[in-house]
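Heads up, the thing below is written out as structure tokens.
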Amino acid sequence: MNQQAATTGSCDLLITGAYIYVDAGWEISSGWIAITDGRVAGVGANSEPAPTATETIDAGGRLVTPGLVNTHHHMYQNLTRSFAPVVNADLFTWLTQLYPIWSQIDDESVYLSTWVAMAELLLGGCTLSSDHMYVHPHGELIDAQVRAAGDLGFRFYANRGSMTRSVEDGGLPPVEVVQSRDEILADSERLIARYHDPAPGAMTRMALAPCSPFSVTSETMRDSAALAEKHDVRLHTHLAEDGDELTYCQEVYGMTPVEYFDSVGWMQSRSWVAHFIYPSPDEEQRMAAAGVGVAHCPSSNMLIGGGSADVQRLRGLGAPVGIGCDGSASTDHGSLWLEARAALTLARFRCGPTSMTARDVLDMATRGGARCLGWEDETGHLTPGACADLVIWGGSELSLAGALTDPVEAWLRCGPMAADTTVVAGRILVRDGQIQNSALAEMLTAHRRESARLQGVTA
Ligand SMILES: [Zn+2]
């Protein structure tokens, strides 16, 4: 590949002296990247002339990558991180203990949790995140999330989650956090009309996301698929996450989770699913052939201890595979770098030392995530014309001492690593490892207050 900028004229931001991972198979060992109007205007080697710029950052030889893409999260859960009573529970016990606490969330607590989650994601090198918001006890919670993203300048793929099957109908959640099919569909249409921006460079898009086979009815799964087709939006859900889900699907539907997924019209390329731990080899092939994406959440999988997706095999089959940090009460951190490192170590532990490289993981965390979100044309890479979402990685001299031969391997094998500079749509949101938004302290104080209210403890 030999695309680069027109080197005449000027740009808004120029980053020089960087090792640039532009895209899979395209790296510049010492180069510059120019940004104008929120897009990558061009890249080049330091030996080639660069445009003049309003602001220039000397990266000092550090690694620049596309911003990482988070394909699965539940940001509201950072209100109940490492919640002591259930840190050692299995998934279904953990959920049933936390649902009554989560039933107290409202517009204010969801705004705060989303703001804090996105700030944390920015520090971990993430510039585009989905969020599966499926608990809707009060208020207009997705609206609150979109406000938080807008206030921070974060690129946000909101997922209108839903649950219809409460304990009264054989499901897990209490009745306060589920909604009727009509409520869900009407609110989904409202949110798509208001926030889904299909235009290039969008800052907000919307997917429909019934929670899981054990918390929504088949009717809601089918209706959501039909609505997604009508408005050309994407579909997201949890699938094949837990052994108890297999039992549930056999008992209630008489089929496996993947057979059920297919039966309700979701086996299609507008869908991506979280976890996907328990498919058969034949089901993996069918999902890959249909173009269904998989959000791999290795830390959550290891903490729950039930297994993990075979991402090497899925990638080999051609399935879009991205990385997700999962909810902040099951993984508890929100660093995509940490999640990427977990993906590397888990894969090699599981499949051997030649099974995965740092570049494989970086490809999953960028291009792979963008494919899951159907946004590969302009996110997940830094080719000229792409959205200017990127990270200059930090890392101390101590942690990188002796790592001289491969900056991409060093990025994931050394550590801990965090963003020195995070740019979203051409705007610098993290500089010198610090969130640039002046509301951070105020947001953390308010978040602590809301968190204490939910948990019934003193702030
Ligand atoms: Zn999840």
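- Listed for the Asp326 side chain is no donor-acceptor partner under 3.5 Å among the backbone atoms of Thr331.
- Counting heavy atoms of neighbouring residues, nucleotides and ligands inside a 6.0 Å radius, atom CD of Gln434 does not exceed 12 of them.
- In this structure a side-chain-to-backbone donor-acceptor pair under 3.5 Å is missing from Ser269 to Gly291.
- Considering every non-hydrogen atom in both Ala274 and His236, the closest pair reads N-CE1, 3.8 Å.
- The only member of Met133, His136, Arg453 that meets side-chain contact (heavy atoms from CB on, under 4.5 Å) when paired with Ile105 is Met133.
- Taking every heavy atom of both residues into account, Ser129 and Cys126 meet most closely at CB-SG, 4.1 Å.
- At a cut-off of 3.5 Å, with distance as the only test, no side-chain donor of Trp272 or Thr71 sits close to an acceptor on the other residue.
- The aromatic ring centroids of Phe214 and Phe92 lie less than 6.0 Å from each other.
- In this structure, the side chain of Thr379 does not engage the main chain of Glu376 through any donor-acceptor pair within 3.5 Å.
- Electrostatic pairing of Asp363 and Arg315 counts as a salt bridge here, judged by a charged N lying under 4.0 Å from a carboxylate O.
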Leu390/Ile35 under side-chain contact (heavy atoms from CB on, under 4.5 Å): CA gap, chis, key distance, verdict: CA-CA 10 Å; Leu390 61 85; Ile35 293 166; 3.7 Å; yes
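- In this structure, the side chains of Arg62 and Asp420 come closer than 4.5 Å at one or more pairs of heavy atoms.
- Contact annotation: the side chain of Val311 never approaches that of Val294 to less than 4.5 Å [non-hydrogen atoms, C-beta and beyond].
- For the pair Thr345 (side chain) and Ala342 (backbone), a donor-acceptor distance under 3.5 Å is present.
- When atom types are taken as modelled, the side chain of Arg205 and the backbone of Pro198 share a donor-acceptor pair closer than 3.5 angstrom.
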side-chain contact (heavy atoms from CB on, under 4.5 Å) between Arg194 and Val146, worked out: CA-CA 10 Å; Arg194 186 155 184 192; Val146 172; over 6 Å; no
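- When only modelled atom types and interatomic distance are considered, Ser335 and Glu339 share no side-chain donor-acceptor pair under 3.5 Å.
- The distance from atom OH of Tyr19 to atom CG of Asp406, rounded to the nearest 0.5 Å, is 6.0 Å.
- A donor and an acceptor atom, one from each side chain of Thr357 and Asp360, are located under 3.5 Å apart.
- For the pair Ile15 and Ala59, the tightest heavy-atom approach, listed with the atom from each and the gap, is CG2-CB, 4.0 Å.
- Of the possible polar contacts, one joining the Trp32 side chain to the Ala45 backbone as a donor-acceptor pair under 3.5 Å is found.
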Step-by-step salt bridge (Lys or Arg N to Asp or Glu O under 4.0 Å) determination, Glu442 to Arg449: CA-CA 11 Å; Glu442 175 195 337; Arg449 182 196 68 223; over 6 Å; no
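- In this structure, CG in Leu128 is found 8.5 Å from CG in Asn70, a value given to the nearest 0.5 Å.
- Contact of the Gln145 side chain with the Asp131 side chain is registered, since non-hydrogen atoms from C-beta on lie closer than 4.5 Å.
- Looking only at atom types and distance, the side chain of His138 has no donor-acceptor partner in the side chain of Asp107 under 3.5 Å away.
- Contact record, Ala410 with Ala403: CB-CB, 3.7 Å, taken as the closest heavy-atom pair.
- Not one N or O on the side chain of Gln455 forms a donor-acceptor pair closer than 3.5 Å with the backbone of Phe83.
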Intermediate values then yes/no, side-chain hydrogen bond (donor to acceptor under 3.5 Å, both in side chains), Asp223 and Thr220: CA-CA 5 Å; Asp223 290 342; Thr220 306; 5.6 Å; no
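- Residues Val273 and Val292 are in side-chain contact: their nearest non-hydrogen atoms beyond the backbone lie under 4.5 Å apart.
- Side-chain atoms of Leu336 and Ile323, non-hydrogen and from C-beta on, do get closer than 4.5 Å to each other.
- Note: Thr422 OG1 to Arg427 CZ = 13.0 Å, rounded to the nearest 0.5 Å.
- Residue Cys414 comes nearest to Leu400 through the heavy atom pair CB-CD2, 4.0 Å, listed as atom of the first residue, atom of the second, then distance.
- With contacts defined as side-chain heavy-atom distances shorter than 4.5 Å, the pair Val64/Leu382 qualifies.
- A 6.0 Å sphere centred on CZ of Arg359 holds more than 12 heavy atoms belonging to other residues, nucleotides or ligands.
- Counting only heavy atoms from C-beta outward, the side chains of Thr421 and Val430 never approach each other to under 4.5 Å.
- Under a 3.5 Å cut-off, the side chain of Arg39 and the backbone N or O of Ala425 do not form any donor-acceptor pair.
- Taking a cutoff of 4.0 Å between a charged side-chain nitrogen and a carboxylate oxygen, Asp377 and Arg371 do not qualify as a salt bridge.
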CA sep, side-chain torsions, deciding dist, call: Phe276, Leu314, side-chain contact (heavy atoms from CB on, under 4.5 Å): CA-CA 10 Å; Phe276 202 51; Leu314 289 166; 3.9 Å; yes
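- Between the side chains of Trp266 and Thr237, no donor N or O sits under 3.5 Å from an acceptor N or O.
- Considering CD of Glu409 and CG of Leu362, their distance stands at 10.5 Å, rounded to 0.5 Å.
- Residues His72 and His132 place their aromatic rings such that the two centres sit under 6.0 Å apart.
- Remark: the Asn46 side chain and the Ser30 side chain contain an N/O donor-acceptor pair separated by less than 3.5 Å.
- Residue Ile142 holds its CD1 atom at 12.0 Å from CZ of Arg147, rounded to the nearest 0.5 Å.
- Ion pairing between a basic and an acidic side chain is recognised when a charged N comes within 4.0 Å of a carboxylate O; Arg81 and Glu120 show such pairing.
- Residues Glu189 and His231 have side chains that bring a donor and an acceptor to within less than 3.5 angstrom of each other.
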Residue pair Trp393, Thr65: steps toward the side-chain contact (heavy atoms from CB on, under 4.5 Å) verdict: CA-CA 8 Å; Trp393 290 94; Thr65 71; 2.9 Å; yes
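- The six-membered or imidazole ring of Tyr157 lies near that of Trp375, with a centre-to-centre distance under 6.0 Å.
- The two residues Val216 and Ser162 have their closest heavy-atom pair at CG1-O, 3.2 Å.
- Inspection of the Asn301 and His275 side chains reveals an N or O donor paired with an N or O acceptor under 3.5 Å.
- Side chain of Arg181 to main chain of Thr164: no donor-acceptor pair is present (N/O by atom type, distance under 3.5 Å, no hydrogens or angles).
- Ser113 contributes a side-chain N or O that, together with a main-chain N or O of Ser109, makes up a donor-acceptor pair within less than 3.5 Å.
- Residues Trp115 and Phe154 form no side-chain contact, since every pair of their non-hydrogen atoms from C-beta on lies 4.5 Å or further apart.
- Around the CD atom of Glu55, the shell of radius 6.0 Å holds more than 12 heavy atoms that belong to other residues, nucleotides or ligands.
- Shown here is Arg448, whose CZ atom has no more than 12 heavy atoms of other residues, nucleotides or ligands within 6.0 Å.
- Note on Glu229 versus Arg270: no salt bridge recorded, every NZ/NE/NH1/NH2 to OD/OE distance being 4.0 Å or above.
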